[in-house]
Amino acid sequence: MSSTESGRHEGFSVEERAAMKDHAQELKKAARRATAAEKAAEAERDVLAKIAEMQDSDRVMAERVHAVVTANAPALAPKLWYGMPSYALNGKVVCFFQSAEKFKARYATLGFSDQAQLDDGRMWAAGFALTEVTPEVEERIAALVKQAVS
C-alpha cells in the first residue's frame, strides 16, 4: 500500500485498486457459470486471454509457466486471481504468475500460496523472480508445482 514521504498512509495504489477490481469481476463471472466443466473451460480461456494481453517478455514467460504447470500438475485448475493467471486445487490458489508490468516491478514473479506444500524446515521460498524461462527454469518450475500438490 502506498504512503507519503511523511510516512502517512494514503490507501491502495492504482495497481492494487485495479487488482481488486479484477478480482471482484472474476468472482461475479464465476458465479454466473453453469456446470463445473463450463466453469473450468471458461476459466482456462480467461487465463489464456489474460496472458495474451501481456507485454512481450511477460507474455512469453507466462505462456511457458502455463505450459509447465498444466503439464506437470494436472490437478491444478487454471483461473484468474486478482487479474493474474493462477492455478488452484479444489478452488484454492496454489500458485500464480505476476507479470512485471502489472505492478511496475523489475521482474515477473512465480508465487506460491500457503496452500502449496513447499515446506522445507522452518523457512522456505514462496516467491521466485523470473527474468527468463529457460529449460533449466522450466525444470525447477515443474519440480516446484509437483511438490506443491504432493
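FYI, side chains are in, hydrogens and waters are out, and symmetry mates aren't considered; it's all heavy atoms of this structure.
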Could you tell me if the side chain of [Y] sits less than 4.5 Å from the side chain of [X], heavy atoms only?
{"X": "Arg59", "Y": "Glu63", "value": "yes"}
{"X": "His66", "Y": "Val47", "value": "yes"}
{"X": "Phe128", "Y": "Ile141", "value": "no"}
{"X": "Arg64", "Y": "Met61", "value": "no"}
{"X": "Asp22", "Y": "Leu80", "value": "no"}
{"X": "Thr70", "Y": "Leu76", "value": "no"}
{"X": "Val60", "Y": "Val133", "value": "no"}
{"X": "His23", "Y": "Met20", "value": "no"}

- Answer yes when Glu15 and Lys102 have at least one side-chain N-carboxylate O distance shorter than 4.0 Å, and no when they do not. no
[X] versus [Y], closest heavy-atom pair with distance:
{"X": "Ala125", "Y": "Leu118", "answer": "O-CD1, 4.0 Å"}
{"X": "Ser150", "Y": "Gln117", "answer": "O-CG, 3.4 Å"}
{"X": "Val137", "Y": "Glu132", "answer": "CG2-O, 3.7 Å"}
{"X": "Asp58", "Y": "Ala100", "answer": "OD2-N, 3.1 Å"}
{"X": "Ala88", "Y": "Gly91", "answer": "CB-C, 3.9 Å"}
{"X": "Pro85", "Y": "Ile51", "answer": "CG-CG1, 3.7 Å"}

Between atom [atom1] of [X] and atom [atom2] of [Y], what is the distance when rounded to the nearest 0.5 Å?
{"X": "Lys92", "Y": "Gln115", "atom1": "NZ", "atom2": "CD", "result": "5.0 Å"}
{"X": "Glu139", "Y": "Asn72", "atom1": "CD", "atom2": "CG", "result": "10.0 Å"}
{"X": "Ser99", "Y": "Met54", "atom1": "OG", "atom2": "CE", "result": "5.0 Å"}

Given the rule that I, L, V, M, F, W and Y join up when any side-chain heavy atoms are under 4.5 Å apart, are [X] and [Y] in one cluster?
{"X": "Val65", "Y": "Tyr82", "result": "no"}
{"X": "Leu89", "Y": "Val93", "result": "no"}
{"X": "Phe112", "Y": "Met84", "result": "no"}
{"X": "Val94", "Y": "Trp124", "result": "yes"}

- Task: Please determine which of Tyr87, Phe96, Phe97 meets the ring-ring contact (aromatic ring centres under 6.0 Å, His included) test together with Trp81.
- Result: Phe96
- Message: Using the rule given for salt bridge (Lys or Arg N to Asp or Glu O under 4.0 Å), can you reason through Glu136 versus Arg140, listing the C-alpha separation, both sets of side-chain angles and the distance that settles it, and then say yes or no?
- Response: CA-CA 6 Å; Glu136 295 81 19; Arg140 180 71 173 126; over 6 Å; no
Keeping [X] on the side-chain end and [Y] on the backbone end, is there a donor-acceptor pair under 3.5 Å?
{"X": "Glu44", "Y": "Ala41", "value": "no"}
{"X": "Glu16", "Y": "Ser13", "value": "yes"}
{"X": "Ser113", "Y": "Cys95", "value": "no"}

- Full working for side chain to side chain contact (heavy atoms under 4.5 Å, CB included) between Thr35 and Glu38: CA-CA 5 Å; Thr35 69; Glu38 289 171 340; 3.1 Å; yes
